[in-house]
Amino acid sequence: MDEITFTHDLLDWYDANGRDLPWRQNPEPYAVWVSEIMAQQTQMDRVVGYYSRWMERFPDISTLARAREEDVLKMWEGLGYYSRARNMLKAAETVIQEYGGVFPAEFKTIQSLPGVGEYTAGAISSIAYGLPEPAVDANVLRVFSRVLDMEEPVRGKSGKGRVEKVVCSLIPPDRAGDFNQAIMELGALICSKRPKCDRCPVQGHCKAYMANTVHQRPVLPAPQKTIRINMVTGVLVHDGKILIQKRKPDDVWPGLWEFPGGSIEAGETPQQAVAREYMEEVELSIMPEKKITTVTYTYTKYRVTMHCYLCRLDQAYREPVFNEAVEGGFVLPEVLEEYAFPAGHRRLVEYMKSAEYFDTLS
DNA sequence: CAGACGTGGCC
DNA sequence: TGGCCAAGTCT
């Protein structure tokens, strides 16, 4: 591979074919940081809408630093990996308190911010500050596993180290950010899972292409198996209001809101499970009155089938005791919009709205 | 270091 | 449909 030609061919292609993403017009540190955190484990096409809404709500880092976690999570609702949002809030507070409100410009300092790892620090350093740092993400690993025709697992320490070294040797000092973005753009648009080698600007530099091994690269570890689980949730209606609770820290979906519920245990019917969960979680005796719908969703390695029931109190009214939540209460259906729910529960809310469940509560 | 952490889209 | 995958980080 001729380094100079490779970089030149790649940048020419990027200049002509790079997507017009909103933060590329003015890559200032805050905008780049926001976009890079949102892009972690997320496809760019999904990021754009969230990015625009975020920048409208939190236009600069001091506005973000002053925000409530509740509002930050609401802006993140549906994107997943919510620790990213909570870490951004922490990082914003750090920048205000420790760095006088100025986003740090040094690789090590950038990486020390919560939620910013090696990749993201490299991306911000190069894109916002023009520093010649590598930014090696899954795209970059895939591209170079093919360019170098790597037989070793590219995610392993040695494989990743090899790619980093090559990237460092290729970065043009005057266009470090563009180079890093160009490799990722190539990985996203051309050198993807189903590669489009006929349109590749660096085809002539690609060892796997020449060896006809493109489809065997990258060499990846065996994937995790998905685990199927059955769960229940209950929408408890009392006096025209609905019970919701806020999930605890150090659990899945920390800080997000939900309807009480849980796993169906062996030998249990879904209805029994709802009643048991209500007793355990909020110490209320309830009656599952009507099956609303079944929502299926996946999170990490789980595929969840969630049976959803409309419930009534089976006892005189009394205050719920939140054993499995930091707080909770009965709210009017129209304000459910204001709370951040995990995707499965959000879909249940949307279903109930569309089926006009909320029009007849009493 | 392996496992946890979300979600929607694709084939 | 079910498994794979996407601009990773943290513990």
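Everything quoted here is computed from the prediction, not taken from an experiment. Sequence lines set the chain letters: A, B, ... in the order given, protein chains first and strands last, and positions in each chain run from 1.
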Participant: How would you label the contact of A:A123 with the nucleic acid (heavy atoms, under 4.0 Å): base, sugar-phosphate, or nothing?
Facilitator: nothing

Participant: Ignoring hydrogens and angles, answer whether the base of B:dG6 and the side-chain atoms of A:Y81 contain a donor-acceptor pair closer than 3.5 Å.
Facilitator: yes

Participant: Assess whether atom CD1 of A:I4 is packed by more than 12 heavy atoms of other residues, nucleotides or ligands within 6.0 Å.
Facilitator: no

Participant: Centres of the A:F259 and A:F341 rings: under 6.0 Å?
Facilitator: yes

Participant: What interatomic distance, in whole Å, is found between C1' of C:dC10 and the corresponding atom of B:dC1?
Facilitator: 12 Å

Participant: Tell me which donor-acceptor pairs under 3.5 Å the side chains of residues 196-205 of chain A have, and how far apart each pair is, sequence neighbours excluded?
Facilitator:
unit_1, atom_1, unit_2, atom_2, d
A:K196, NZ, A:S192, OG, 3.2
A:K196, NZ, A:R194, O, 3.3
A:Q203, NE2, A:C197, O, 2.9
A:H205, NE2, A:D9, OD2, 3.2

Participant: Is there a side-chain contact between A:P260 and A:E277 (heavy atoms, below 4.5 Å)?
Facilitator: no

Participant: Applying a 4.0 Å non-hydrogen cut-off, can you work out what A:E118 is touching in the nucleic acid: base, sugar-phosphate, or nothing?
Facilitator: sugar-phosphate

Participant: Looking at every strand, decide which applies to A:T298 at a 4.0 Å heavy-atom threshold: base, sugar-phosphate, or nothing.
Facilitator: base

Participant: Just to verify, which of A:W54, A:Y50, A:W253, A:Y81 counts as forming a ring-ring contact (aromatic ring centres under 6.0 Å, His included) with A:W76?
Facilitator: A:W54

Participant: Output the residues of residues 84-98 of chain A in contact with DNA chain B, where contact means a heavy atom of the residue under 4.0 Å from an atom of the strand; sort by number or write none.
Facilitator: none

Participant: What are the bounds, 5' to 3', of the part of DNA chain C that sits under 4.0 Å from heavy atoms of chain A?
Facilitator: C:dG2 to C:dC10

Participant: Between A:T226 and A:Y302, is any pair of side-chain heavy atoms under 4.5 Å apart?
Facilitator: no

Participant: When you compare B:dG3 with C:dA7, how far apart are their P atoms, in angstrom units rounded to a whole number?
Facilitator: 24 Å

Participant: Using a cut-off of less than 4.0 Å, is there contact between a side-chain N or O of A:W253 and OP1 or OP2 of B:dT7?
Facilitator: yes

Participant: CE of A:M38 to CH2 of A:W33: how many Å apart, nearest 0.5 Å?
Facilitator: 10.0 Å

Participant: For A:Q181 and A:R24, which I'm curious about, is there any donor-acceptor pair between the side chains at under 3.5 Å?
Facilitator: yes

Participant: If you assign each of A:L79 and A:R194 to its closest nucleotide in DNA chain B, which residue comes earlier from the 5' end?
Facilitator: A:L79

Participant: Determine the Euclidean distance between corresponding C1' atoms of B:dG8 and C:dT1; express it in Å to zero decimal places.
Facilitator: 16 Å

Participant: Rounded to whole Å, please give me the gap between OH in A:Y297 and P in B:dG8.
Facilitator: 11 Å

Participant: Could you check whether A:T300 gets within reach of a base, just the sugar-phosphate, or nothing at all, counting any heavy atom under 4.0 Å?
Facilitator: base

Participant: Regarding A:R24, tell me which of base, sugar-phosphate or nothing describes its non-hydrogen contacts under 4.0 Å with the strands shown.
Facilitator: base

Participant: Between residues 139-149 of chain A and DNA chain B, which residues have a heavy-atom gap below 4.0 Å?
Facilitator: none

Participant: Tell me whether A:K160 is salt-bridged to A:E164, with the criterion being a basic N under 4.0 Å from an acidic carboxylate O.
Facilitator: yes

Participant: Measure the distance from CZ on A:R346 to C1' on B:dG8 and round it to the nearest whole Å.
Facilitator: 16 Å

Participant: With a 4.5 Å limit on heavy-atom distance, are the side chains of A:P132 and A:P173 in contact?
Facilitator: no

Participant: Can you pull out every side-chain hydrogen bond (donor to acceptor under 3.5 Å, both in side chains) where at least one residue sits in residues 324-339 of chain A? Sequence neighbours excluded, please.
Facilitator: A:E337-A:K353

Participant: If you assign each of A:Y302 and A:R347 to its closest nucleotide in DNA chain B, which residue comes earlier from the 5' end?
Facilitator: A:Y302

Participant: Can you tell me, in whole Å, how much space there is between the C1' of B:dC5 and that of C:dC5?
Facilitator: 16 Å

Participant: Among A:V147, A:D149, A:V214, which residue satisfies the side-chain contact (heavy atoms from CB on, under 4.5 Å) criterion with A:Y209?
Facilitator: A:V214

Participant: When the distance from OH of A:Y82 to C1' of B:dG8 is rounded to whole Å, what number comes out?
Facilitator: 11 Å

Participant: Would you mind reading off the distance between A:K157 atom NZ and B:dC1 atom P, rounded to a whole angstrom?
Facilitator: 6 Å

Participant: Take the protein atom OH of A:Y299 and the nucleotide atom C1' of B:dG9, then report the distance between them rounded to whole Å.
Facilitator: 21 Å

Participant: Could you check which residues of residues 42-49 of chain A get a heavy atom under 4.0 Å from DNA chain B? Sort them by number, please.
Facilitator: A:T42, A:Q43, A:R46

Participant: With nearest nucleotides of DNA chain C determined for A:A39 and A:Q111 from heavy-atom distances, which residue corresponds to the more 5′ nucleotide?
Facilitator: A:A39

Participant: What's A:I127 touching, base or sugar-phosphate or nothing? Going by heavy atoms closer than 4.0 Å.
Facilitator: nothing

Participant: Looking at side-chain heavy atoms only, is the closest gap between A:E151 and A:R217 below 4.5 Å?
Facilitator: yes

Participant: Side chains of A:N17 and A:E185 only: does a donor on one sit below 3.5 Å from an acceptor on the other?
Facilitator: no

Participant: In this structure, which one of A:L186, A:N180, A:V167 forms a side-chain contact (heavy atoms from CB on, under 4.5 Å) with A:V140?
Facilitator: A:V167

Participant: OP1 or OP2 of B:dA4 less than 4.0 angstrom from a side-chain nitrogen or oxygen of A:K301, does that happen here?
Facilitator: yes

